[in-house]
Amino acid sequence: MSAPHVTIVGAGIVGLATASVLVSRGCKVTIIDREGPAAGASQGNAGGIAWTDVAPLASPGVWKDALKWLADPLGPLTVRPAYALKILPWMLRFLAASSRSRVKESTEALAALNAGALPAWERVWRLTGTHNQVHYDGCLEIFDNGSKLETYRSTWAEQRDYGIDVRELTGDELRELEPDLSPSILGGALLPGWAHMDDPKKLCLSIADWLAAQGVTFEVATVTGVAAGLDGAEITFADNTARRVEKLVIACGAWSKKLTSQLGDPVPLDTERGYNITVPEPNVSVSHFFLLPGHGFAVSQLETGLRIGGAVEFGGLELPENWKRVDAMIAKAKTIFPKLDASTGKRWMGFRPSLPDSLPVIGPSSASPHVVYGFGHAHHGLTEAATTGELLAAILMNEAPSIDLAPFRADRF
């Protein structure tokens, strides 16, 4: 049987990684995106391959923290007042996913998915010639609050149960590794297995260039409709034209929901709006990727500068940006890195596609095996893109996926 012609809706990192895997399998590929490669959330992430992160955001007792966060409009998690009623159904599902049994199931599913994340990326990096854009310097998780540090030790213990190397360090040991850290840092951990990129947008554009050189067709257009058939699917564009396609991948992140609902899969997808600033001359030296779980953001040194970003704002796709959130992260970052100068830098806001149980949707549509989904990765789109691509390729090539995809099915809600 000849390899199929696959059309991918979405030129973010998931769509690009999936296309790379399909090309390596001999498929002809067309990629359609409303703006072009790396125009959305894929260009604004912190650049880390966070495969060691197996804990879902939904967890027992998380509502207690959430209530504290929601009381602070510039805190790690907030809901814009104008969006509160719209996000309520999502929040109720989030709370339902926070039971101990559901969290155990989600953790096991994430651990299985993330176990293949770095090896899958290493195959794609070698394939596309982008292996020189990755660094293996590890990740430091740091705390300036003793109670939060104590609580987080259970997370490290769980990671170790899944075979992940976690090395707890004192504040002084952390400052030996990173001299610009504040004396307020009490402790944390090194996760040496992490990798991070020179720049996530550069990675996307480099892969896109490689794909174009392999004959992949890129189209800038907006897909507004989809219908499944016995031998493929039909997609409709904003100009009301239509096209028959042999195989279809829906990987357009926050914009996937409209298309999946037309196929009988009304997934509860919403967006976590993320903010960051990239500072070209930060006046601090950073050698590792930093996660600050107690504050809800990350700090990473990219080729373009020091990126400070993260947190979660629920506000949908239409409301304007709230740049005060960047100011708040800068203020907190200065307590961690006292010499930080963030007076200049490029600010950014993007939409992370998120589902209440912290699991993406990966697998066939309910309507047809010719239409498959790969979206909803929230904070881990970069991390899980290549392994998602390999799983989708297996489905499209009528092969058994390497992991059980039942936890990621579209109709699980």
Side-chain angles (χ1 to χ4, degrees), residues 5-20 22 28-45 83 86 200-212 216-228 232-263 265-267 269-276 315-321 348-355 360-362 365 371-378 381-382 385 388-389 392 410:
H5 183 174
V6 182
T7 299
I8 300 174
V9 181
I13 192 60
V14 174
L16 295 170
T18 301
S20 301
L22 290 168
K28 185 177 179 181
V29 177
T30 298
I31 301 178
I32 305 170
D33 191 275
R34 55 200 292 271
E35 295 181 89
S42 296
Q43 67 173 297
N45 66 72
Y83 200 69
K86 290 184 179 179
K201 183 175 182 178
K202 176 183 176 181
L203 174 67
C204 290
L205 296 179
S206 297
I207 293 175
D209 288 343
W210 181 85
L211 289 169
V216 171
T217 300
F218 285 85
E219 298 181 22
V220 176
T222 300
V223 176
T224 57
V226 58
E234 181 176 275
I235 55 176
T236 305
F237 296 91
D239 63 1
N240 293 322
T241 61
R243 180 187 305 172
R244 296 287 299 174
V245 299
E246 184 178 355
K247 303 282 187 179
L248 181 67
V249 176
I250 296 177
C252 46
W255 287 267
S256 300
K257 181 177 180 178
K258 181 179 179 180
L259 298 180
T260 65
S261 64
Q262 297 175 28
L263 294 165
D265 293 314
V267 295
L269 182 71
D270 214 291
T271 60
E272 299 179 26
R273 294 153 62 107
Y275 291 81
N276 69 42
L317 296 169
E318 304 298 334
L319 292 178
E321 301 90 343
W348 178 88
M349 188 276 285
F351 305 102
R352 308 185 196 101
S354 182
L355 290 149
V361 171
I362 304 172
S365 69
V371 182
V372 299
Y373 302 146
F375 61 85
H377 297 79
L382 175 62
T388 296
L392 295 180

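Just so you know, residue 1 is the first one in the sequence shown, and it goes up from there. Values reported hereafter were calculated over all heavy atoms of this structure, with side chains retained and with hydrogens, waters and symmetry mates removed.
When all heavy atoms of Val371 and Ala233 are compared, the pair lying nearest together is CG2-CB, 3.8 Å. Between Ala19 and Val29, the shortest heavy-atom contact is CB-CG1, 4.0 Å. Taking every heavy atom of both residues into account, Ile362 and His377 meet most closely at CD1-NE2, 4.2 Å. Taking all atoms of both residues into account, the shortest heavy-atom contact from Leu263 to Ser365 is CD1-CB, 4.4 Å. When all heavy atoms of Thr388 and Gly374 are compared, the pair lying nearest together is CG2-CA, 4.3 Å. Shown here for Gly225 and Gln262, the closest heavy-atom pair between the two residues is CA-OE1, 3.1 Å.
At least one side-chain heavy atom of Glu321 sits under 4.5 Å from a side-chain heavy atom of Tyr275. Side-chain contact between Phe375 and Thr260 is present, with at least one heavy-atom pair separated by less than 4.5 Å. Counting only heavy atoms from C-beta outward, the side chains of Trp255 and Leu317 approach each other to under 4.5 Å. For the pair Ile8/Ile32, no side-chain contact is recorded, criterion being any heavy-atom separation below 4.5 Å from C-beta on. Side chains of Arg273 and Leu319 form a contact here, defined as non-hydrogen atoms less than 4.5 Å apart.
Side-chain N or O atoms of Arg244 include none that pairs as donor or acceptor with a backbone N or O of Ile235 at under 3.5 Å. Not a single donor-acceptor pair under 3.5 Å links the side chain of Asp265 to the backbone N or O of Val267. Using modelled atom types, no side-chain atom of Gln43 and backbone atom of Gly12 make a donor-acceptor pair closer than 3.5 Å. Arg352 places no side-chain N or O within 3.5 Å of a backbone atom of Ala41 that could act as its donor or acceptor partner.
Interatomic distance, CG of Leu203 versus CG of Leu205, reported as 9.0 Å (0.5 Å rounding).
In this view, Pro200 and Asn45, Leu302, Arg307 satisfy the side-chain contact (heavy atoms from CB on, under 4.5 Å) rule, not counting sequence neighbours. For Thr18, the side chain to side chain donor-acceptor pair (under 3.5 Å) criterion is met by no residue, not counting sequence neighbours. Remark: Asn240 pairs with no residue by the side-chain contact (heavy atoms from CB on, under 4.5 Å) rule, at least two apart or across chains. Every residue meeting the side chain to side chain donor-acceptor pair (under 3.5 Å) condition with Ser354, not counting sequence neighbours, appears here in chain and number order: Glu272. Not counting sequence neighbours, the partners of Glu219 by the salt bridge (charged side-chain N to carboxylate O under 4.0 Å, His left out) test are Arg243. Under the rule for a side chain to side chain donor-acceptor pair (under 3.5 Å), Thr236 has no partner lying at least two apart in sequence or in another chain. Among residues two or more places apart in sequence or in another chain, the side-chain contact (heavy atoms from CB on, under 4.5 Å) test is passed with Ala208 by Leu16, Pro37, Phe218. In this structure Asn276 satisfies the side chain to side chain donor-acceptor pair (under 3.5 Å) test with no other residue, sequence neighbours excluded. Shown here are the side-chain contact (heavy atoms from CB on, under 4.5 Å) partners of Ser20, two or more places apart in sequence or in another chain: Val124, Leu127, Thr128, Ile207, Trp210, Leu211. Looking at residues two or more places apart in sequence or on another chain, you find a salt bridge (charged side-chain N to carboxylate O under 4.0 Å, His left out) between Lys202 and Asp198, Glu303.
For residues 29-39, the pairs satisfying side chain to side chain donor-acceptor pair (under 3.5 Å) are His5-Thr30, with sequence neighbours left out.
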TODO: For the pair Tyr83 and Asp270, evaluate side-chain contact (heavy atoms from CB on, under 4.5 Å) and give the outcome as yes or no after the intermediate values.
DONE: CA-CA 11 Å; Tyr83 200 69; Asp270 214 291; 2.9 Å; yes
Task: Derivation of the side-chain contact (heavy atoms from CB on, under 4.5 Å) call for Ser256 and Tyr373 - done: CA-CA 9 Å; Ser256 300; Tyr373 302 146; over 6 Å; no
Task: Thr224 vs Phe237, side-chain contact (heavy atoms from CB on, under 4.5 Å): CA-CA, chis, key distance, verdict - done: CA-CA 5 Å; Thr224 57; Phe237 296 91; 5.6 Å; no
Validation: residues 247-254 side-chain donor-acceptor distances under 3.5 Å, sequence neighbours left out:
unit_1 : atom_1 : unit_2 : atom_2 : d
Lys247 : NZ     : His370 : ND1    : 2.9

